[in-house]
Amino acid sequence: MKIAKFVSLVFAGILSLTSATAVCAEGTMTDIEITAGNVGNSGEEMRTSQQALGGNTEVSREETETASAALTADKTSDEIPGQQEYNDLIVRIKNTAGAAKREALMHEAEDMLMETGVLVPLYYDNDIFLQKESVSGIYSDAFGFKYFMSADDKEDMTLCINLAEEPDTFDPALNSTADGGSLVVNIFEGLCAYDDDGETVMALADRYAKSRDGLHYAFTLKDDLFWSDGTRLTADDFVYAWNRAAGLKMETDGSSLFDCIARKDDGMLDVTADGSLLMVSLTEPCPYFLDLCALPAYCPVLRSQTETYDWEEDPGAWASGAGFVSSGAYTIDSWIHGECMVLVKNLNYYRADEVKTERIEVTFSTDSEAVFEAYDAGELDFVDAVSSEKMQNLTDSPELHNADRAGTCLLYFNTDSPLFEGKTPEEANAIRCALSILIDRSYITEGIVGKGNKPANTLIPAGMSDGRGGEFRTNDKSYTYPCEEAAGYYDPSYEAYDENLEEAMRLLAENGFEFNKDGTLSSETPLNITYLVRKGTVQEEIAEAVQQDFAVIGVNVTIDSQKQKIFLNRRKNEKFDLIPVSCEADFDDPVSMLAAWTTDSSENNARQGK
């Protein structure tokens with residue numbers, strides 16, 4: 001059977017941690033310099049540094065266990081089967097420099113997650129937006145951010161757009177939404193950025209050098225950089241901004257993004273400025289460090305601006321209104337909260353002569369019908385959200401853009417649910433895996449979501465880098481997915497439905513469940529599931545589809561549809577058996593999604609291992 005290997009993982013217990021002993025030697029700065037173009041993992045400078053590292057930099061098991069002990073200090077292995085091993089493994093991944101070994105460990109981590117059946121991938125996320133044919137140059141990256149600075153409207157110098165959510169602040173360290181981030185990346189800029197091919201390129205940095213051991217970076221800033229108010233922008237601004245964002249003076253959503261940077265004795269980040277030179281020391285080699293430098297959290301902020309307000313009480317207040325100083329292509333000229341804002345070209349931006357659209361008028365609305373009517377009437381040039389109903393009529397329209405996004409929409413089983421009381425870890429795994437393959441993902445993607453999403457059979461989506469210039473979600477000489485034909489842990493296609501149904505029933509029967517002659521569960525061994533969803537979202541329709549899929553074998557699903565406040569409270573207090581979650585990458589590396597499921601992760605909203 002196509003899923004036989006996946007099922008065997010559940011029982012065989014073949015996943016193990018491989019010990020490692022080699023520790024990297026102290027390195028020196030190389031004279032590698034990049035002035036433009038691709039600086040991603042497939043670039044020549046990456047290959048050069050990987051050759052220099054030799055792929056042997058790892059940490060010992062003793063160091064790994066010491067580093068991760070705090071993750072589950074208040075938990076026992078009996079309380080969280082396999083969770084400590086998973087936490088250890090994520091630490092090892094972060095501390096391993098050898099690209100081939102690191103990729104193998106990331107596959108091992110995904111295997112461990114999928115073995116439990118706790119995560120139920122449904123479909124891979126994507127990014128849908130409408131853009132008038134007269135407009136060109138707008139692009140979206142894999143993390144949902146839109147870039148307008150290259151927009152060119154043949155009919156007007158003003159671009160009119162709608163974004164669904166208005167951010168509370170444009171502070172790069174505090175913004176946590178895709179819509180807010182889409183504006184942040186146009187208002188601020190960091191050392192690196194993403195181009196329209198999704199590659200990491202130099203931005204405020206002119207070039208960089210990296211030590212042979214991958215522990216030290218030196219960035220040289222471009223000449224004559226200025227803030228929007230004409231103040232000179234220097235390397236010192238990065239030192240201040242990164243320490244601020246790292247959470248030394250405030251708690252930020254993105255503070256963990258700076259964990260890869262070493263600390264000085266006083267607790268400050270090991271980041272030093274010398275004129276136009278910014279020097280950074282890392283705790284361990286980080287193959288995605290340049291991707292981090294392209295994130296909003298890594299953008300510089302002007303200290304005299306951020307500390308004008310009471311940053312201890314409201315650290316984002318300085319960027320919560322029009323007129324604040326920024327480093328990107330645009331500044332905010334006016335802002336009517338809850339309605340709209342106007343962005344104007346930053347004349348002090350180092351590439352100001354390349355910015356063709358001088359004014360961007362932004363409206364904020366989640367009313368997809370009203371927004372589409374405005375777009376259809378020519379009042380808007382760009383819309384970042386399209387309803388499923390409208391999608392059906394726009395499939396062949398040249399104005400519809402569909403971009404892959406580095407994220408996966410999932411369901412999550414509460415491991416502390418009464419559903420699994422009295423079951424061994426192996427039995428609980430089998431139950432969850434059986435239920436997972438009952439779901440008709442093709443119907444969900446085609447009949448409900450309807451936005452070109454693809455059924456998911458892995459946590460890590462297609463297109464994410466493996467750190468060696470290739471793609472992680474592929475079968476190769478070093479790794480083959482349990483379901484080789486579908487490059488995943490099961491075949492999610494409609495054609496495999498009957499086979500998946502048969503396998504699900506076999507798994508349940510082998511783990512204590514009895515079936516009636518009609519193929520439904522006996523009343524002696526029922527399965528009753530409470531499925532918590534947020535009211536008024538597409539998740540309600542998905543829940544109904546899953547309810548019908550489970551009903552085929554007599555599983556009873558109660559859909560608990562609640563408004564956001566109650567939904568969040570019940571999720572926090574684990575008042576559910578099954579719940580929808582989304583796992584999205586912050587940068588182009590699988591560890592961004594894998595690390596979200598460690599015990600102490602701030603992104604672990606599903607409370608895996610907590």
Side-chain angles (χ1 to χ4, degrees), residues 5-6 9 12-24 41 46 49-50 53-69 71-72 82-116 119 213-215 256 259-260 282-289 291-292 406 408 458-461 464-482 487-489 583 585-601 604 608-609:
K5 187 175 178 183
F6 168 52
L9 285 174
I14 61 174
L15 303 177
S16 63
L17 295 175
T18 304
S19 63
T21 58
V23 180
C24 70
N41 290 343
M46 284 296 185
S49 57
Q50 285 173 357
L53 287 166
N56 294 319
T57 305
E58 299 175 12
V59 294
S60 68
R61 178 180 296 279
E62 181 179 354
E63 291 173 300
T64 297
E65 291 175 348
T66 300
S68 64
L71 299 187
T72 53
Q83 188 65 39
Q84 181 63 54
E85 290 83 355
Y86 186 78
N87 292 339
D88 291 346
L89 183 54
I90 295 302
V91 172
R92 291 188 64 208
I93 291 170
K94 292 182 176 181
N95 293 337
T96 298
K101 180 61 177 177
R102 189 173 179 276
E103 181 187 4
L105 291 175
M106 290 192 291
H107 276 298
E108 186 175 339
E110 187 178 28
D111 283 347
M112 289 181 73
L113 282 177
M114 294 299 293
E115 174 190 4
T116 68
L119 301 183
D213 63 4
L215 294 176
S256 62
D259 288 349
C260 61
L282 307 182
T283 57
E284 297 292 340
C286 180
Y288 49 87
F289 185 63
D291 290 286
L292 293 179
T408 303
T458 60
L459 171 64
I460 308 301
M464 187 160 284
S465 171
D466 62 3
R468 297 196 288 165
E471 185 176 324
F472 183 80
R473 186 178 167 255
T474 55
N475 297 310
D476 55 32
K477 294 180 180 179
S478 60
Y479 181 83
T480 301
Y481 278 95
Y489 293 89
C583 187
D586 291 316
F587 47 87
D588 186 20
D589 191 275
V591 77
S592 177
M593 298 175 71
L594 295 171
W597 305 100
T598 57
T599 307
D600 72 336
S601 171
N604 187 357
Q608 164 82 355

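Here, residue 1 is the first one in the sequence, and each next residue gets the next number.
Of the inter-residue distances, the one linking Tyr481 atom OH with Arg473 atom CZ reads 6.5 Å to the nearest 0.5 angstrom. The distance from the CD1 atom of Ile93 to the NZ atom of Lys101 is 10.5 Å, given to the nearest 0.5 Å. A distance of 12.5 Å separates CD in Glu85 from CD1 in Ile90, rounded to the nearest 0.5 Å. Within the model, atoms CG of Asp588 and CG of Asp466 stand 9.5 Å from one another, a figure rounded to the nearest 0.5 Å. With values rounded to the nearest 0.5 angstrom, Lys94 atom NZ is found 13.5 Å from Leu282 atom CG.
For the pair Ser592/Tyr288, no side-chain contact is recorded, criterion being any heavy-atom separation below 4.5 Å from C-beta on.
Residues passing the side-chain hydrogen bond (donor to acceptor under 3.5 Å, both in side chains) test with Ser478 are Asp476, sequence neighbours excluded. Annotation: salt bridge (charged side-chain N to carboxylate O under 4.0 Å, His left out) contacts of Glu103 (sequence neighbours excluded): Arg468. Qualifying side chain to side chain contact (heavy atoms under 4.5 Å, CB included) partners for Pro590, counting only residues two or more places apart in sequence or in other chains: Met106, Ile460, Met464, Phe472, Leu594. Residues passing the side chain to side chain contact (heavy atoms under 4.5 Å, CB included) test with Asp259, sequence neighbours excluded: Ser256.
When every heavy atom of Leu292 is checked against every heavy atom of Cys286, the shortest pair comes out as CD1-SG, 4.3 Å. Between Met593 and Pro461, the shortest heavy-atom distance links the atoms SD-CD, 3.6 Å. Nearest heavy atom pair, residue Tyr86 against residue Ala109, reads CE1-O, 3.4 Å.
Listed for the Thr283 side chain is a donor-acceptor partner under 3.5 Å among the backbone atoms of Cys260. Checking side-chain atoms of Thr408 against main-chain N and O of Leu459 turns up a donor-acceptor pair under 3.5 Å. Within the 3.5 Å criterion, the main-chain N or O of Gly98 finds no donor-acceptor partner in the side chain of Thr96.
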For this session: May I have the step-by-step check of side chain to side chain contact (heavy atoms under 4.5 Å, CB included) for Asp589 and Asp291, ending in yes or no?
Result: CA-CA 9 Å; Asp589 191 275; Asp291 290 286; over 6 Å; no

Problem set entry | Step-by-step side chain to side chain contact (heavy atoms under 4.5 Å, CB included) determination, Asp111 to Tyr479 | CA-CA 11 Å; Asp111 283 347; Tyr479 181 83; 2.7 Å; yes

